[in-house]
Structure formats: C-alpha cells, structure tokens
Amino acid sequence: MNADVAQVALAAPNASISLLTLFWSAHIVVKLVMAGLFLASVWCWAIIVDKIVLFLRTRRQMDHFEQVFWSGQSLEDLYRTLSARNNNGMPALFVAAMREWKRSHEGGRPAIGSLQQRIDKVMDVTINREVERFNSNLLVLATIGASGPFIGLFGTVWGIMTAFQGIAASKNTSLAVVAPGIAEALFATAIGLVASIPAVIAYNKLSSDAGALGNRLETFADEFSAILSRQIDERHAA
Amino acid sequence: MRPGLPASVVLHAALIAWIVVGLPWKRAAEDAVVVDAMPIEFVPVADVAALKLGQKTAKPKDEITPKETKQAAKETEGTRAGTDAREEPPPPVPEAKPELPMPQPKPEPVKAPEPMPEPPKPEPVRLPEPRPQPKPEPVKAPEPKPDLPKEAEKAKDLGEGKLPIPKEPPKDTKALDKILEDQKKLDDKKAEEKRLADAKAAADAKAKADAKAAADRAAKAAADKAAADKTAEAAKARAQFNPGQISDILNKNRTGSSAAPVQQTASLGSPSGRLNVARMTQSETDALVGQIKRCWNPPIGSAEAGIGVTLRFSMNQDGTLSGQPEIIEAPAHPLGPALAASARRALMQCGPYKMPPEKYAAWRLVEATFNPKDVF
C-alpha cells in the first residue's frame, strides 16, 4: 500500500566517495602535499615529453648528418651550407671543428703546429655543451622519483593522525569514523607513487639515452679528428 | 618550441576530468555492491517506558490518545520518531479509517506457513485467537484459545509453552535473571498480543509498540472479557493505521527508530532507501529484538559507561545466522571489546530466529545496535 510511497520518500542521497571529495575533505597539510605532488607530476611529465622529443629529433638529425658526411660530399661545401645555420648536435660539432680549421689557415702564415690540439679542444667543448643539453632537467626527474614516495608518505602519516584524532574525539572505533582519514591518507601516498613511478622509469630510460647520444658524438668527434689530423700531417709534409 | 609543458598539462587535465566524470563500468560495480541492513535498536528503557505507560493504561486501541503519541513524536523527532509513529498510527487510523481490511487477508496466508516450521509459541498461538477469521482456526484452532485466557491470568505460567527457546538462555545468565523474568513477563504479554494480532493477520501492519500496549490491554481484556473480539478489532485498527503512519514517519525522517513497549525499537527506513523496511512490522522486529535480548548478558559496568555496539549479521531463510556477526561500530572504551563479544555471543546463541519467511528480503541483513542501558 503505502510501502511504495515510503520507499520513494526514503530515497536518500548516497555519500559519494570520489577522489575529488577525498581531496577536498582532507586536512590542509595533506591537501598541500597532494597539490605539490600533483604539480610535481605535471612538471615531471613536461620534462619527459620534452626529452623524448629532443632525443628523437637529435637522433634523426645525427642519422641524416652522418649520411651526408660519409657520402663523399666535399667538406668545404658541407661547411658552407651548415655554417649559415644555427646548429645542434653533430653538425654543431662539425662546424666548430671546421671553423677552427679555417681560422688557422687564414692569413699568410697558417698556424698548423698545434692545430690538432685546438681542434680536439673545440670539439670537446662542443660535446660537453651538447651532453649538458641532453642531461638538463633529468635530475629533476631523479629527485621527484626519489622523494615523491616520501612526500606522499608524509601526507599518509598526517592523514592517519587525523583518523586517530577522530577516534579519540568520538570515542568510537566505527569504520565510518576511521575510514575517511585512512582513505585520504592512502590517497596521498597514491598520488606520490603516481608522480614518482613514471619519474623513476623515465629517468633511467632518458639518462641512458642521453649517454648513448653523447657517446655517438664522441665517436664522430674521434673520426673527424682523425680525418683532420691526416690532413694536417699531409700539409706539414708538403 | 617546447611541447612538454602544454602536453603535460593537457594530460593531467584529462586525467582529472576522467576522475570527475568517473569510470562508467566502475560506477556500475559500486552501485551493485550497496546492501542495506535492517536496522534494529535497543533503546534505554526509561524513555520508552514513559511513552508506553500512557498507552498501557489505555484500553485496546480506542484509549490510546493520538495527542500523547503526537506529543511524544514531536519531542523526539529524530531518534524517537519511529516510536511515535508506531504509537500514533494505531489510535488515529482506526478511528479515522477503521475499514481497511486489505492488510488482514494477506497476513493470514503468511502465518499459516510459519507455524509449521516453528512449533514454539509465537505464531501457532496467535492463530487460535483469531476466531473471527475462519482460515487460521482449522490449522491450530484448539491451542490458541486456551492459551489466551491462561496467559491473561498467568502470563508466567504460559511462558513455558510459548517461549521455550528464549527462556533457556536467560537462565544461564545469572546477572540478568531479574531482567529476564521481567522480559519473560513482557514477552508473554507480547506473545499474547501478538497472537491476537496475528490472528487477524494485521500483524504485519502493527508495530511492536502495539505489542506491549496490546499485551497489557489484551491481558486486561482477557481477564475482563473474552476480549477476543476486542483484540481482533485492535489488531485491525493497528493494521489499518500503520501504513499511513509509516509513510508519515518515513517522510519526516530518513531513519526513525521506533521503540517497542519495553525492550525494542525498530528503526524504519534506510539511508539509501533500498531497504523495504516498511514491510517489517513492529511486532516482527520486536520479536527479533526480544529473542536476541534474552541471550544477551552485557559485561558489568557497560551500562554505566553509556557505551553501545553495532553489529551486522545476515540470516538464512530459516532464521539461522549466516556466517559470523560483523562488528560495525564499537566504542573506544575498555569494555568495548567485551561488550562487542557479548553481543556477538548473544546473536549466535539465540538463533534460529523466528522471522516471517515471506519477508526474507527485509531481514536478510540486519544491523543491530546493542545498548546495555536497555537491559538494566
């Protein structure tokens, strides 16, 4: 009879326990921790995306340059083409060495005595600059990866404290009293892990990529240095 | 030039949007999990007694004054609303709309099945009373009538036959002997009342509050007169007005706890609205609470400490416990664990419970709040 009516009247709003309500109901300290970890995650992913794009582009550029370099094209022509541009990576290395070579041959008296050392130095400096560019910001990933869980843990400890304060205040161990604090506490750790796990993985991957690219530059520098050295010796003899 | 930051911001914004909007499949799963328990409560005796005293003095149903019940309801809107509702409904409805036979017919068929599985007292006894109704009589017509008069005269004597199971547990507990005796008396009275009510099949509609009042009334009536007719009428009246009252209560409060005469309070409604509490009558809920109470021996000092414990348990269709009772809410008090353990023991000891099988959906899951104050 009236049961149906009663049921309708009874319909009550269910307390939704979404992640957002968890956040908004959290203590201010836990909230700060969560917000900080979220920003760290944003930063982290910005770096990851930047690095992935940079490495892809650099690798493609190196492939292209080596193809051109070993194609038998005149190095003079190549230098003329590249020197007009703003170069990165391998072309920058080539241009730096060639510029030093050119300058040493300017004027009436070519300075070829220690040209070999100068070219090596110039290429070293360029390599360092490039590798530094590869590695920049990778330490941020390492830092976030290492400290994220701890920051999250701090939020968790704080949340647990809140939960126990709730128990003490209500003198009741009901799940309803404890659960919100525990949930928000665990949420803080979850965010910490969400931020730090990609950071750690990306750091390992990206730093090894950066090392590989640096090695490739070194290898090219050695090869190019050998070519130039042969030229120098031939001119000496001549 | 640097795609990283925008890309990262977009990625995280998408993640948050995803969380806000929610995962559809996950949502469905969450909805499915929600289960509502039938809430029952033990309420301090003093408050309830005050309300009931007025009722008890009153005759069957006519005397119950709507004013009193209304006042009580107003005073205790939140927690007591249920009790008020129970009490209120009987007096006003009968007068206003004495003609609501519909509820009666249904209960009869239901009762018939019950007596068979549960020989004890409650249901079989009730059947005999309902003289007016031909159906119940054939089943157990002879037994009920004799019981009624006897009970009225000597509620205690009759108690043996009526409630063999419940009584045993109390005997075990020394501390509660007095209480148990009182309870037994009350139970007997209730049983009588219940029988009468059941006889008319109005049992469903009537609340437990009625049970106590009805018991007193019934006893008087029996002593004074055959009272069978009167009780039948009262039962009808209760049945009639109950539905209206229930709806009123529900509208007022999400969960109103109705305190039975002496011992129990049944709360109506559930937070999620999924529980069809309306179907459980006060007398039925009262019967469950009374049965549990008989076995309950709360630790000494727990009543003074003002602590309570909430347990949730599920039952099989035959009234036996299904699995272990689960502690939902326990007080952070040195006596808390002992109290919870005692409540748990009582639940496991007193089964199987006599519940109407046809309403299994309503009492499959029960959330019982034990408050030692109620017992002492």
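Naming: A, B, ... by sequence-line order, numbering from 1 per chain. Note that these values count all heavy atoms, side chains included, but never hydrogens, waters or copies made by symmetry.
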Considering all heavy atoms of both residues, which atom of B:Ala7 and which atom of A:Val49 are nearest to each other, and what is their separation? CB-CG1, 4.0 Å
Taking every non-hydrogen atom, the tightest pair across A:Val53 and B:Pro3: CG2-CG, 3.9 Å
Taking [atom1] in [X] as the centre, count heavy atoms belonging to other residues, nucleotides or ligands within less than 6.0 Å. Is the count above 12?
{"X": "B:Tyr360", "atom1": "OH", "result": "yes"}
{"X": "A:Glu132", "atom1": "CD", "result": "no"}
{"X": "A:Lys205", "atom1": "NZ", "result": "no"}

If one checks every heavy atom of B:Ile328 against chain A at 4.5 Å, the contacting part turns out to be backbone
Against chain A, label B:Ile327 side chain, backbone, both or neither, depending on which of its atoms sit under 4.5 Å from a heavy atom there. neither
Hey, is the main chain of A:Trp43 close enough, under 3.5 Å, to the side chain of B:Ser8 for a donor-acceptor pair? no
Please report the interatomic distance CH2(A:Trp45) to CG(B:Leu15), rounded to the nearest 0.5 Å. 10.5 Å
